[in-house]
2 protein chains.
Amino acid sequence: MQAGKTENTTENAAERAYRELRQAVLEGRLPKDRKITETGLAESLGISRTPIREAVKRLLLEGLLERRKGQGIRCALPDAAEIQEVFELRLRLESFAASRAAIRATQDQIDALTQSAETMSRLARTDPANDAVITRIDRENARFHALILEATQSQRLAQLVKFSTDISLVSRTFRRFTAEQRRRSAAHHVEIAAAIAARSPRWAENMMQAHILSAADIFEIPLDGQATARRGEQD
Amino acid sequence: MQAGKTENTTENAAERAYRELRQAVLEGRLPKDRKITETGLAESLGISRTPIREAVKRLLLEGLLERRKGQGIRCALPDAAEIQEVFELRLRLESFAASRAAIRATQDQIDALTQSAETMSRLARTDPANDAVITRIDRENARFHALILEATQSQRLAQLVKFSTDISLVSRTFRRFTAEQRRRSAAHHVEIAAAIAARSPRWAENMMQAHILSAADIFEIPLDGQATARRGEQD
DNA sequence: TTCAGATTTTTTGTATACATAAAATTGATA
DNA sequence: TATCAATTTTATGTATACAAAAAATCTGAA
C-alpha cells in the first residue's frame, strides 16, 4: 500500500483479486458489453467466488465499482462532477498531509523527499522530453506523493488520501503538461520538500494547495468556491 | 448510514454483524480478556463465519479492529495521538462538507438544518439540564451533522466524514459541557445553518471550523499545525 | 531447568453447495 | 400487439467442509 512496506510475503487470492480488479477498473479495461458477475470474475481469475467477493466488496466501498440489485457489477468511473469533488477532497487531504509531514517527517524521509524533488526537477528540465522521460516523471511524481503520505506517520490519513487520489489520477499524466508546466510542477515539489525540511506546516500546506490547484487548472477541472471566480474570465 | 435513507428493507446477516460489531467496538464492550475469533463471533451472533468475515474485514479497513497474524482480533480504539489526528481530519472534512452544503443543499435540507439548530438552541437553554435533556441534545447534534453530510450531495465525502467522526465521538457527550458551552455550541449550529441558507460556503466552512475547534478545546485535545501557530497568538 | 524439535490445536483462507431473491423469459389472454 | 402472470434463469447471500499456516503445547535430551 504505502511506499516500501513489506509486510506480506505471501499474497492472498483475495488480495490478488483486489489488486487486479482495481487495476482493471482504473485502466478502464472492464468489459462493458456483457455484465460482470462474481462467478464470471472467479472463473476468469481461476479462483473461487469467496476471495472475489472480498475484493468486490472492498471496491464497492471505495466507490470504484457499483452493483445494482440483482443485476451485475459495473465499473463506476467518476463523471466530471465526481472528479471535481475528488479534486476538492485531495486539495484538503493532501495539503493536510503535507502540513502533518512538516511536523512528523523523519530526517530520512525529508532527505528522500528532497532527493525525489531534485530528480523530478532534473527530468523536467530534460528538453526535448520524450515518452520515456514523461513516464519517469509520472513515476517520480507518484513516488513523491507517496513519500509525503509516509511522512505523515498516519495510516488512516494515508489511506484516505489514497482512496481519493487514485481515482483522480485516472489517465492524468504529465503528457498533457507543457514543458513549462512540468518545470513549474517540479518546482512545487522542490518547495514542498523545502517547507517540510524547514518544519513549516503552513508553508507546506499552502504549497501543496497551489500544487493541486495548478494541476486542476491544467486538467480544466473547475473547483467551486475558489475557482468559479477565475473560470468566469477565461471560459 | 445517512439520516433518512431507507434503501434496504431487509438487513443482511453481514450488515447486521457489521453494525453490531461496530457498535460493540465503539462502546468498548468487547471482551478484552479472552481473544476474539471469527468463529467465536459467529457463534455469539448465531450466524456462520461468512458474514462475520465480511464485517470484520470492513472494520479492519476502517481501523476499528486489528488482527495479528495467527492470533485473534483485537479492538483498536485510538489512543490520544490518534484522537488528535482524527480531530484534525474532522476539522478539514467537516468544514469542507459545510462549505459544499452551502452550495448544494436543497431548500428542504436548509429548512431541516435550520429547524434542527433551533431545536438544539431551545434544548440548550433548558435550565437545569437533566440527563434526559442532554441525551436529546446529543441526538440532535448527531442529527445536525448528519443533515450537513446529506446536504453535501456526496456519498463519498459523507462516508469519509463518518469514518473519522464516529471514532472521534467515542464517549464524547454534551454531559461534559457547561451550560454556557452548550449554548455556544447550539449557537454555532444556528449560525452554520444561517451560512448555508445564505449560500455562503466560506462562512459555513469557517463556522464549522470554529465549532470543531471549540469542541476540541472542551475535550482538551490539542491540535497541531494550525493550532500551534494560532495558539501562540491567542493563548 | 532449559532449550530444540516435533506434535497438536487454533485460526484464518478457500472452495463449494445450497438458499433466496431478483430479473428475464415464456405463454396465455384481451 | 400489448400486457400480465407464471416459470425459468441468473445473481447474490449464507452455511459448511476442508486446507494451510501459524501459535501453543508437549516431549526428550543436555
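All of these numbers come straight from a predicted model, not from anything done at the bench. Letters A, B, ... are given to chains in the order of the sequence lines, protein chains preceding strands, and every chain is numbered from 1.
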Subject >> Residue pairs involving residues 70-81 of chain B (criterion side chain to side chain donor-acceptor pair (under 3.5 Å); sequence neighbours excluded) >> reply: B:Glu66-B:Arg74
Original post:
Do the side chain of A:Ser116 and the main chain of A:Ala112 share a donor and acceptor less than 3.5 angstrom apart?
Top reply: no
Original post:
With no hydrogens and no angle check, is any side-chain donor or acceptor of A:Arg100 less than 3.5 Å from a backbone partner on A:Thr152?
Top reply: yes
**OP:** Give the B/S/- string for nucleotides 12-23 of chain C, one per nucleotide from 5' to 3', where a protein heavy atom under 4.0 Å of the base yields B, of only the sugar-phosphate yields S, and otherwise -.
**Re:** BBBBB-----SS
Subject >> NZ/NE/NH1/NH2 to OD/OE distance under 4.0 Å, B:Arg49 and B:Glu38 >> reply: yes
Show me the donor-acceptor pairs, under 3.5 Å and distance only, between side chains in residues 39-48 of chain A and residues at least two apart or in other chains.
residue : atom : partner : partner atom : Å
A:Ser44 : OG   : A:Leu41 : O            : 3.0
A:Ser48 : OG   : A:Thr50 : N            : 3.3

